[in-house]
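Scroll down for the structure; my scribbles are underneath it.
Predicted, not measured: the structure shown is a model, and the values here were computed from it. In what follows, chains carry the letters A, B, and so on, assigned in the order in which the sequence lines appear, proteins first and then strands, with residues in each chain numbered from 1.
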Amino acid sequence: MKIATYNVNGIKARLPRLLEWLEETKPDVACLQELKSSDETFPEADIRAAGYGAIWHGQKGFNGVAILARGDDPIERLRGLPDDPDDTHSRYLEAEVDGVVIASIYLPNGNPQPGPKFDYKLKWFDRLMDRAALLLEEEKPTVLAGDYNVVPTDDDIWSPRGLQGDALVQPESRAAFRRFSAQGWTDALNARHPNEKLWTFWDYQMNAWPRDAGFRIDHLMLSAEAADRLGDAGVDRDYRGREKASDHAPTWITLRP
DNA sequence: ATGGCTAACGTTGTTAGA
């Protein structure tokens with residue numbers, strides 16, 4: 001079972017690239033982020049024509065997450081994180097596909113920091129951990145996949161100083177990510193490629209892609225039951241270099257039966 | 001000290017991303 005996460009940066013602008021990627025790499029499950037689409041304008045027909053069932057949690061203009069399943073319909077479990085009725089952002093969607101619990105996550109960016117956006121990021125991470133703790137109690141194979149907007153360590157970026165002052169590398173952001181990992185979540189890319197420089201994002205600016213000035217912020221976090229089944233893991237870098245590319249590359253794992 | 005892209009919204013600029 002191949003499970004991927006892809007921050008598409010606008011599903012309408014990215015539709016040709018998304019459909020091409022689905023056709024060429026055939027993930028069984030695809031978690032998408034940054035749809036930048038309302039529920040009504042989600043391109044359901046195109047995705048269904050490509051052979052995927054889908055659920056989505058859209059929002060006009062920005063945010064938005066979806067879960068696609070090849071030849072299957074994801075069974076929705078939860079839409080949005082609990083415990084903050086004032087949170088209007090569409091950043092969390094949870095489903096079950098073929099016995100695996102899967103969430104598509106778009107953690108807040110948090111810039112500029114310090115400030116209210118950074119506070120929101122850290123609070124959102126706390127709420128994610130509350131939900132994640134409940135999921136661990138279920139003892140099912142579970143994959144929390146998405147754009148965490150955290151560069152976990154200095155080994156996960158082309159230059160440790162490359163994002164100095166940015167919310168993605170702040171000690172508080174990294175501490176939250178470590179606490180989350182310590183809850184019992186395995187960072188699949190790091191587990192499979194512990195000594196490799198793997199990036200999932202390259203800025204549109206500053207000639208970042210040609211310079212390979214990227215970093216790793218898209219993560220697939222596995223419960224013990226999923227980690228026991230982890231096969232391969234990788235990044236579909238090639239798609240970052242194509243026409244009209246997202247600034248993120250698709251990132252994936254395989255789970256053994 | 002920053003944002004030179006990109007996308008969306010909506011109208012010739014603003015917000016947001018990371």
- So what does A:Asp218 touch, heavy atoms closer than 4.0 Å: a base, only the sugar-phosphate, or nothing? nothing
- B:dT12 versus B:dA8 - spacing of their C1' atoms, nearest Å: 15 Å
- Task: Give A:Asn7 one of three labels, base, sugar-phosphate or nothing, depending on what nucleic acid heavy atoms sit under 4.0 Å from its own.
- Result: sugar-phosphate
- Using the P atoms only, state how far B:dA1 lies from B:dT15, rounded to an integer number of Å. 25 Å
- Item | 5' priority, DNA chain B, between A:Asp166 and A:Tyr204 [closest heavy atom] | A:Tyr204
- A:Arg127 and A:Asp87 have their tightest heavy-atom pair at NH1-OD2, 2.8 Å
- Partners passing ring pair (Phe, Tyr, Trp, His ring centres under 6.0 Å) against A:Phe42 (at least two apart in sequence or in another chain): A:Trp56
- Task: Only pairs at least two apart or in different chains count here, so list each ring-ring contact (aromatic ring centres under 6.0 Å, His included) that has a residue in residues 64-83 of chain A.
- Result: none
- Message: By the 4.0 Å heavy-atom rule, please label A:His248 as base, sugar-phosphate, or nothing.
- Response: sugar-phosphate
- When the nearest nucleotide of DNA chain B is assigned to A:Phe215 and to A:Ala13 on a heavy-atom basis, which residue is associated with the more 5' position? A:Ala13
- Query: Are side-chain heavy atoms of A:Ser181 and A:Met221 found at a separation under 4.5 Å?
  - Reply: yes
- Query: Just checking A:Leu163: base, sugar-phosphate only, or nothing, at a heavy-atom cut-off of under 4.0 Å?
  - Reply: nothing
- Provide the start and end nucleotides, 5' to 3', of the part of DNA chain B that has atoms under 4.0 Å from heavy atoms of chain A. B:dG3 to B:dA18
- In chain order, what residues pass the side-chain contact (heavy atoms from CB on, under 4.5 Å) check against A:Glu138, with sequence neighbours excluded? A:Arg77, A:Leu135, A:Lys140
- Message: Regarding A:Arg216, tell me which of base, sugar-phosphate or nothing describes its non-hydrogen contacts under 4.0 Å with the strands shown.
- Response: nothing
- Rounding to the closest angstrom, what is the interatomic distance between B:dT14 and B:dG10 at atom P? 15 Å
- Task: Enumerate the residues from residues 104-117 of chain A whose closest heavy atom to DNA chain B is under 4.0 Å, giving them by residue number; use none for an empty result.
- Result: A:Tyr106, A:Asn109, A:Asn111, A:Lys117
For residues 45-54 of chain A, tabulate all N or O donor-acceptor pairs below 3.5 Å that involve a side-chain atom, not counting sequence neighbours.
from, atom 1, to, atom 2, distance (Å)
A:Arg48, NH2, A:Asp73, OD1, 3.2
A:Tyr52, OH, A:Pro27, O, 2.6

Atom pairs and distances, donor-acceptor, side-chain atoms in residues 96-108 of chain A, under 3.5 Å, two or more places apart:
from, atom 1, to, atom 2, distance (Å)
A:Ser104, OG, A:Leu32, O, 2.9
A:Ser104, OG, A:Gln33, NE2, 3.2
A:Ser104, OG, A:Ala66, O, 3.3

- Sequence-distant partners of A:His248, ring pair (Phe, Tyr, Trp, His ring centres under 6.0 Å), two or more places apart: A:Phe201
- Task: Rounded to whole angstrom, note down the P distance from B:dC5 over to B:dT11.
- Result: 26 Å
- How would you list, by chain and number, every residue that makes a side-chain contact (heavy atoms from CB on, under 4.5 Å) with A:Asn190, sequence neighbours excluded? A:Asp187, A:Arg216
